[in-house]
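Below is one structure, written out as structure tokens; the observations come after it.
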Amino acid sequence: MFELDSAVKEIRRGCAEIIDEERIITVLKEYLKSGKNYYVKAGFDPTAPDLHLGHTVLIQKLALFQKYGAIIQFLIGDFTGMIGDPTGKNITRKPLDRPTVLENAKSYKEQVFKILDPDKTEVVFNASWLDELGAKGIVELTTTFNVARMLERDDFEKRFKSETPISISEFLYPLLQGYDSVALKSDIELGGTDQKFNLLMGRQLQRTYNIGKQQAVLMMPLLEGLDGVNKMSKSLGNYIGVTEDPNAMFGKVLSISDDLMWRYYELLSSKTLEEIKTLHEDVNSGKVHPKAAKESLAMEIVARYHDRDKATMAKAEFDKVHKQKDIPTDMPEISTQGPIWIAKILTDAKLEPSTSQARRDIKQGAVKINQEKVQDEQLQLENGEYIVQVGKRKFARVKVI
RNA sequence: GGUGAGAUACUCAAGUGGCCAACGAGGGCAGACUGUAAAUCUGCUGGUUUUUACCUUCGAAGGUUCGAAUCCUUCUCUCACCA
């Protein structure tokens, strides 16, 4: 089994906030004593998932709970998805049809089961009970709460004060999400810090509906993106997707700043807190090179979403390109009619967005052919095969016929 | 519904008749350096093989003018105050 103390420590790790930790300890004890499982809920958007490391912070925590006897209620909010979470700036969205929802759920499973144990995971859809709720049920639900309480919520309050419109349906969102916890009888719910209000709603409603327990709430922080400032998100482009190829993943991890690395270690690594602390001290004292520490983190992450061998290969590839300034093993290939102007090739090979940009980069000495810097802006390429490079990272093999 | 303010490049934001492809900041890209795509410093950042030139762009469409991001008209949208 496991040690209660160390389990609690690992559960606390990286958490932004835990509400009712007592309850978590209680269910853990119960599990240790009688092997009785408990339920940990986490909700996800029904839109097509493209998970990145920001999401996996939460999912890894779920996986940790599985180790300690939890059954994960992986909730896909197909019903609440129609409303749009007022957290953030979403407006009312079109409902997704059934086949799309199922398709997205499948895609979730593919990505999520790289971390979660499928045997200890129940994938559930909240439309299955919210559809049944009906007008009567919804009215009942709304009587459990009042507007003043609702307005306590930070973003509602701000919007109310600044007189930004709040749709009535947005008031419904937290209530429905909370009702999910009633329907599922969850013992613990996990979510991001931005979900605090909604998560607490679950607790509140479980009491109101008298289901005999109140879920504990555990909030994970939002992971900073590659820039180290904004939260990781697809729209900002500062993310590492779990389906990205090993080389890109490895490179992206290595591109984070040394400071940010420790944050990633805490939230993403499966190393224990002690191991990380030792490593950090060794880096500070100069015993371990910061780059080595970053590489080992990158390896771990690549190995998790691909495998150990691919991680080793990604590291070798990275060294090859950046340390030995060699050319990468794989690169896009194009063939074209010659003789051809160098700037034209760069745009054809999609290494540059425009010939103007290509010219600028040539002027700056960013363009290389067969490892040789291009000096002549007007250079024409005759027949033959060339390795064309822009900057440190963009390569293409060009065949001129 | 009434009144007022505004809409400029990836974002924020200057410019109120010619010196404007449009100040500045952020972001992005590149170079140098290095330990990596870290940090730091520097350059570039609408398009086009006419590159000390040409073409397109300052919410949209018209108009005034030798000349408009800048002035006028209409329209669309956003915001603020009042109801």
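None of these values were measured; they are calculated from a predicted model. Proteins come first, then strands; the chains are lettered A, B, ... in the order of their sequence lines, and each starts at number 1.
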(Q) Taking pairing as Watson-Crick or G-U wobble with both contacts under 3.5 Å, can you name the mate of B:rG6, or confirm there isn't one? (A) B:rC77
(Q) Would you measure the distance from the P atom in B:rA69 across to the matching atom in B:rU57 and give it in whole Å? (A) 9 Å
**Q.** Sugar-phosphate, base or nothing in reach of A:G391, heavy atoms under 4.0 Å
**A.** sugar-phosphate
Q: Rounded to the nearest angstrom, tell me the gap between atom CG in A:D348 and atom P in B:rU49.
A: 10 Å
(Q) Say we look at B:rG26 and B:rA14: how far apart would their C1' atoms be, to the nearest angstrom? (A) 15 Å
Q) Which part of the nucleic acid, if any, lies within reach of A:K368 when heavy atoms closer than 4.0 Å are counted: base, sugar-phosphate only, or nothing? A) nothing
Q. Of all the nucleotides listed (B:rA37, B:rG43, B:rC29), which has the minimum atom distance to the side chain of A:R393?
A. B:rA37
Q. Between A:E266 and A:R13, is the closest basic N to carboxylate O distance under 4.0 Å?
A. no
Q | Cation-aromatic face contact A:K213/A:Y38, 6.0 Å, 45 degrees | A | no
Q: Identify whether the distance between the nearest side-chain nitrogen and carboxylate oxygen of A:K287 and A:E281 falls below 4.0 Å.
A: no
Q) Tell me, do A:V367 and A:Q389 make a side-chain contact under 4.5 Å, heavy atoms counted? A) no
Q. What is the nucleic acid contact for A:L226, judged by heavy atoms within less than 4.0 Å: base, sugar-phosphate only, or nothing?
A. nothing
Q: In whole angstrom, give the distance that lies between atom CD1 of A:I362 and atom C1' of B:rC29.
A: 15 Å
Q) Just how far, in rounded Å, is C1' of B:rC33 from NE2 of A:H322? A) 16 Å
Q. Between B:rU36 atom C1' and A:D258 atom CG, what is the distance in whole Å?
A. 9 Å
Q: Return the nucleotide paired to B:rA38: Watson-Crick means purine N1 to pyrimidine N3 with N6-O4 or O6-N4, wobble means G-U with N1-O2 and O6-N3, both under 3.5 Å.
A: none
Q: Could you check which of B:rA37, B:rG47, B:rG35 has an atom nearest any side-chain atom of A:R360?
A: B:rG47
**Q.** N-O pairing of A:R359 and A:E377 below 4.0 Å
**A.** yes
Q: Counting heavy atoms from C-beta on, name the nucleotide in B:rA37, B:rG31, B:rG47 closest to the side chain of A:A366.
A: B:rG31
Q: Consider the side chain of A:K373, meaning its heavy atoms from C-beta on, and name the nucleotide among B:rA32, B:rG43, B:rA37 that approaches it most closely.
A: B:rA32
Q. Are A:F74 and A:Y108 close enough that their ring centers fall under 6.0 Å?
A. yes
Q. Is there a Watson-Crick or G-U wobble partner for B:rC20 with both distances under 3.5 Å, and if so, which one is it?
A. none
Q | Gap between atoms NZ and C1', on A:K294 and B:rA39 respectively (whole Å) | A | 9 Å
Q: Ignoring the backbone of A:K325, work out which of B:rU36, B:rU34, B:rC29 is nearest its side chain.
A: B:rU34
Q) Atom CD of A:Q357 to atom C1' of B:rU49: distance rounded to whole Å? A) 16 Å
Q) Counting only Watson-Crick or G-U wobble pairs whose two distances fall under 3.5 Å, which nucleotide matches B:rG46? A) B:rC55
Q. When the P atoms of B:rU78 and B:rA30 are considered, how many whole Å apart are they?
A. 39 Å
(Q) So if I take every side-chain heavy atom of A:Q380 and compare against B:rA38, B:rU49, B:rC29, which nucleotide ends up nearest? (A) B:rU49
Q) Among B:rU49, B:rU36, B:rG43, which nucleotide sits nearest the side chain of A:F318? A) B:rU36
Q) Once you round it to whole Å, what is the distance between C1' of B:rA38 and NZ of A:K252? A) 17 Å
Q: Using a 4.0 Å heavy-atom cut-off across all strands, classify A:E295 as base, sugar-phosphate, or nothing.
A: nothing
Q | Upstream residue (5' side of RNA chain B) when A:E352 and A:D259 are each assigned their closest nucleotide | A | A:E352
Q. How far, in whole Å, is B:rU8 from B:rU52 if one measures between their C1' atoms?
A. 27 Å
Q) Does NZ in A:K394 sit with more than 12 non-hydrogen atoms of other residues, nucleotides or ligands closer than 6.0 Å? A) yes
Q.
Taking the minimum atom-to-atom distance to the side chain of A:Q364, which one of B:rU36, B:rG43, B:rG47 wins?
A. B:rG43
**Q.** Distance in angstrom units between A:F250 CZ and B:rG35 P, rounded
**A.** 17 Å
Q.
Return whichever of A:R359 or A:S356 has its heavy-atom-nearest nucleotide of RNA chain B closer to the 5' end.
A. A:S356
